[in-house]
Amino acid sequence: MHPALFYRPGGRLSLTELSAARLDGDVVEVGEGYMPADTIEGPGARALSLSPLVPPGTAVSGVSAAWVHGAGDAPPSVHHVSRISVSRQRIGPSMRVVHHERRLAADDIRSIAGVWVQTPEATAVSLLLSSARSAEDEIWLHALIGVSPGLIDAVRARVLPLGRRPGAAHARRILESWRLRTW
């Protein structure tokens, strides 16, 4: 999606003007901004909408990456970003963004509309491992698998060889239940 087709409040149009355009049916709300109503809401629009929340040296990850890749209709209320730079940055606290210090591997990210985003496979693996601590992560994981059923085999191949690590036993139980389920 071209950035010229995405409107943020305070940019070319004020929040009042964008709200009026939304009421008129000219634009629709997507994440942190608006886009023309006749434009397809795809990963590019979703990633672009999160760009103001993504500090330099980080990538959209976890439930936010699942939303970018098409899982769910509405974005999560709190977004997640993970470090991709070699050095650690000073990032101020935010009520809207959770910053994860664990560095993502270079092959686990890709650029979508100029925003670094965790790949669907890496997103599914991280959601699977964290689902032992968060029921929300399991809900987003199922939504992501629902839009990309082919991820199951890739996730299984990456998770089963893992040794002892937080969430691995829970992840194996979920993978076992997936074997019996048809998507």
Side-chain angles (χ1 to χ4, degrees), residues 1-3 5-11 27-35 39-85 88-152 154-155 158-159 166-167 170-171 174:
M1 169 165 208
H2 195 276
L5 294 175
F6 199 82
Y7 307 103
R8 287 193 185 81
V27 296
V28 293
E29 198 169 351
V30 177
E32 301 296 311
Y34 299 83
M35 65 183 213
T39 307
I40 297 172
E41 180 187 332
R46 289 179 173 200
L48 194 57
S49 78
L50 297 181
S51 63
L53 300 176
V54 182
T58 64
V60 176
S61 63
V63 296
S64 301
W67 178 71
V68 168
H69 293 302
D73 293 328
S77 57
V78 177
H79 293 287
H80 292 253
V81 296
S82 294
R83 182 169 64 96
I84 59 173
S85 67
R88 294 181 180 197
Q89 307 95 346
R90 289 183 184 259
I91 296 176
S94 171
M95 298 289 289
R96 304 275 330 276
V97 179
V98 175
H99 181 265
H100 300 277
E101 274 299 316
R102 185 171 183 190
R103 183 173 176 230
L104 297 176
D107 57 344
D108 285 344
I109 57 172
R110 69 176 183 209
S111 178
I112 300 175
V115 179
W116 290 106
V117 179
Q118 192 175 28
T119 64
E121 180 182 327
T123 300
V125 169
S126 69
L127 289 174
L128 178 62
L129 292 171
S130 64
S131 67
R133 297 181 311 272
S134 169
E136 180 187 20
D137 287 0
E138 190 168 347
I139 292 167
W140 281 98
L141 172 63
H142 285 283
L144 181 60
I145 295 295
V147 297
S148 303
L151 284 177
I152 294 174
V155 169
R158 283 181 69 170
V159 171
H170 177 76
I174 290 177

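Only this structure's heavy atoms are used, side chains among them; waters, hydrogens and symmetry mates stay out.
The structure places OG of Ser49 at 10.0 Å from CD of Glu29, a figure rounded to the nearest 0.5 Å. Taken from OG in Ser94 to CG in Leu53, the straight-line distance is 7.0 Å, to the nearest 0.5 Å. One finds the CD atom of Glu136 at 6.0 Å from the OG atom of Ser77 (value rounded to the nearest 0.5 Å). Annotation: the span from Ser126 atom OG to Gln118 atom CD amounts to 4.0 Å, rounded to 0.5 Å. Taking NE2 of His142 as the start and OG of Ser131 as the end, the distance is 7.5 Å to the nearest 0.5 Å.
In terms of heavy-atom proximity, Ala47 sits nearest to Val117 at CB-CG2, 4.2 Å. Listed here is the closest heavy atom pair of Leu104 and Ala59: CD1-CB, 4.2 Å. Contact detail for Ala124 and Leu141: the closest heavy-atom pair is O-CD1, 3.5 Å. Trp67 and Pro76 make their closest contact through CB-CD, 3.9 Å (heavy atoms, listed as atom of the first residue, atom of the second, distance). Residue Trp140 comes nearest to Ala66 through the heavy atom pair CE3-CB, 4.1 Å, listed as atom of the first residue, atom of the second, then distance. Heavy atoms only, all atoms of each residue included: Val30 and Glu41 are closest at CG2-OE1, 3.9 Å.
The closest donor-acceptor contact from the side chain of Arg83 to the backbone of Glu101 lies under 3.5 Å.
For the side chain to side chain contact (heavy atoms under 4.5 Å, CB included) test with His79, the passing option among Val98, Val68, Leu50, Val63 is Leu50; the others fail. Checking each of Thr123, Asp137, Ile174, Leu144 against Leu128 for a side chain to side chain contact (heavy atoms under 4.5 Å, CB included) leaves exactly one that passes, namely Ile174.
Salt-bridge check for Glu32 with Arg8: failed, with every basic side-chain N at 4.0 Å or more from each acidic carboxylate O.
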Report, one line per pair, each donor and acceptor closer than 3.5 Å where one atom sits in a side chain of residues 107-116; sequence neighbours left out.
residue, atom, partner, partner atom, Å
Asp108, OD1, Arg158, NH1, 3.4
Asp108, OD1, Arg158, NH2, 3.4
Asp108, OD2, Arg158, NH2, 3.3

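Here ring pair (Phe, Tyr, Trp, His ring centres under 6.0 Å) pairs that include residues 89-113, with residues two or more places apart or in two chains, are His80-His100.
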